[in-house]
Each structure stands twice: as C-alpha cells, then as structure tokens.
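Remarks on the structure that follows.
Everything quoted here is computed from the prediction, not taken from an experiment.
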Amino acid sequence: VARLLNVPAVLTEQYPQGLGPTVPELGAQDLQPHTKTCLSMVPAVQQELDARPQLRSVLLCGLETQACILQTALDLLDRGLQVHVVVDACSSRSQVDRLVALSRMRQSGAFLSTSEGLIFQLVGDAAHPQFKEGNENGSVVEKGTPDSPLQVQKLIKEPSPDSGLLGLFQDQNPLFR
C-alpha cells in the first residue's frame, strides 16, 4: 500500500542474525532493512527521521507489539509526531501483551486504527487516481493481467481476517474505559 500511494516506508529488523530476516511475503524486498538491537526503531533510523523535518505522522506496524512497537511509538510521540498504530498489522506472542501494549499506546496519545481504515484515510476520496485504476478505454483493468496496476479497491475488496481484537473495543474491556 505504501508503494502504491507513494508513502515513504522504513523497514527495521530486530537482530536478524538470531531472529531471521523479514519474510518475503511482506513484499518489502525493495526496502533496505535497518538492523537494530534496541527495541525502539528510532535510534536505528535517527538520520532518516532528521532528514524529514516536514514529517508529522507515522504509521506503525510489526511484531512484538509490547516491545518494539510500543517503545517506537513512545519515542516517536516524544519527538512530537502523530503515531498511528495499525492494530491488525501488529502482533505479539501473547494476546494479553498485545492488548495491554495497545492500551498503553492509546493512553500515551497514539491513534489506533485498522489497515483498511488507514488506507481510506490516506486515499481520502474514491476519485484518488490509485483507488480504481482504469485503462485507456476507461474500463477497469483486472488484477493479474500483464498491464494491470495494483488498485486500492482491489486490496480492500475482501474483508481482513479476524485479528482477535474485537474484544478490545467492547464495553467490558477495562483497558479502554
């Protein structure tokens, strides 16, 4: 989605020698990973952040919500940036750790959203050129054909799988009262 909408993306890897590299299924092969051992990604990408003084907000997703995502969110908030956490693109080995970390980020000022919600926020309008791409005749080119462009509409056509977060937003959850 970042590539499709020309949103700059940064990839970090937590100790890839021991934990392994980013899986190819993410489609991030064109990104140069920043190797890190610090839980927050901020020290590893400090120069990149400093080179973008116009940067106002960041979208975060990744593994170990209670560690890397939480520490990064808190560091970015301390820098005065808006932090949007893509809750259905963050995971943890423990659902309790994940939920408490999301609660902590929300309490600290981060915005929690879903991938689809953030895609719509980035596009803003169905008239966006990447929402529904057409060919020269004005008809939609089907995904999978040699000249087919990737389209936001195709990405959001199927609902996301259940990510186990529904209970997070229900009234009985004391973390979000």
Side-chain angles (χ1 to χ4, degrees), residues 1-5 7-28 31 33-46 48-49 52 55-124 152 154-177:
V1 173
R3 190 177 310 117
L4 177 65
L5 298 176
V7 174
V10 175
L11 173 69
T12 60
E13 292 179 333
Q14 180 73 23
Y15 187 62
Q17 305 90 313
L19 299 174
T22 301
V23 296
E25 290 83 358
L26 282 179
L31 296 175
H34 297 268
T35 301
K36 66 185 187 75
T37 55
C38 181
L39 295 178
S40 172
M41 70 180 274
V42 172
V45 299
Q46 186 71 50
E48 206 160 328
L49 290 170
R52 298 174 187 265
L55 185 66
R56 299 288 175 256
S57 63
V58 175
L59 307 178
L60 281 181
C61 59
L63 302 176
E64 298 308 330
T65 308
Q66 78 285 0
C68 298
I69 300 300
L70 174 61
Q71 292 301 314
T72 299
L74 295 175
D75 283 354
L76 292 170
L77 288 165
D78 282 346
R79 290 178 63 102
L81 295 169
Q82 289 183 359
V83 176
H84 301 265
V85 180
V86 191
V87 297
D88 56 339
C90 292
S91 67
S92 294
R93 291 176 298 141
S94 157
Q95 185 74 324
V96 170
D97 285 336
R98 181 182 184 205
L99 296 178
V100 171
L102 291 171
S103 174
R104 169 88 187 277
M105 286 184 269
R106 182 173 180 237
Q107 291 166 347
S108 299
F111 299 102
L112 305 184
S113 189
T114 62
S115 52
E116 185 171 314
L118 284 169
I119 290 169
F120 282 129
Q121 187 175 350
L122 289 168
V123 172
V152 169
K154 294 271 186 190
L155 292 173
I156 59 174
K157 187 173 184 175
E158 297 297 321
S160 297
D162 178 26
S163 59
L165 292 172
L166 189 55
L168 182 67
F169 299 100
Q170 294 175 340
D171 289 337
Q172 71 268 19
N173 189 323
L175 296 175
F176 286 88
R177 287 193 182 141

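Atom CD of E64 is separated from atom SG of C90 by 11.0 Å, given to the nearest 0.5 angstrom. Between L63 atom CG and R93 atom CZ the span is 11.0 Å, to the nearest 0.5 Å. Taking SG from C38 and CG from D75, the interatomic distance works out to 7.0 Å, rounded to the nearest 0.5 Å.
Considering only heavy atoms from C-beta on, P8 stays 4.5 Å or farther from E48 through its side chain. The shortest distance between side-chain heavy atoms of L49 and L76 falls below 4.5 Å. By the 4.5 Å heavy-atom criterion applied to side chains, K36 and C68 are counted as neighbours.
No side-chain donor from either of S92 and D97 sits under 3.5 Å from a side-chain acceptor of the other. Counting only N and O atoms by type, the side chains of Q107 and R104 include no donor and acceptor under 3.5 Å apart.
Residues meeting the side chain to side chain contact (heavy atoms under 4.5 Å, CB included) test with L31, sequence neighbours left out: A9, L11, A28.
A donor-acceptor pair under 3.5 Å is formed between the side chain of T72 and the backbone N or O of M41.
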Practice problem: Could you check Q121 against H84 for side-chain hydrogen bond (donor to acceptor under 3.5 Å, both in side chains), going step by step and ending with a plain yes or no? | Solution: CA-CA 11 Å; Q121 187 175 350; H84 301 265; 4.6 Å; no
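More than 12 heavy atoms of other residues, nucleotides or ligands lie within 6.0 Å of CZ in R79, so this atom counts as buried by the packing criterion.
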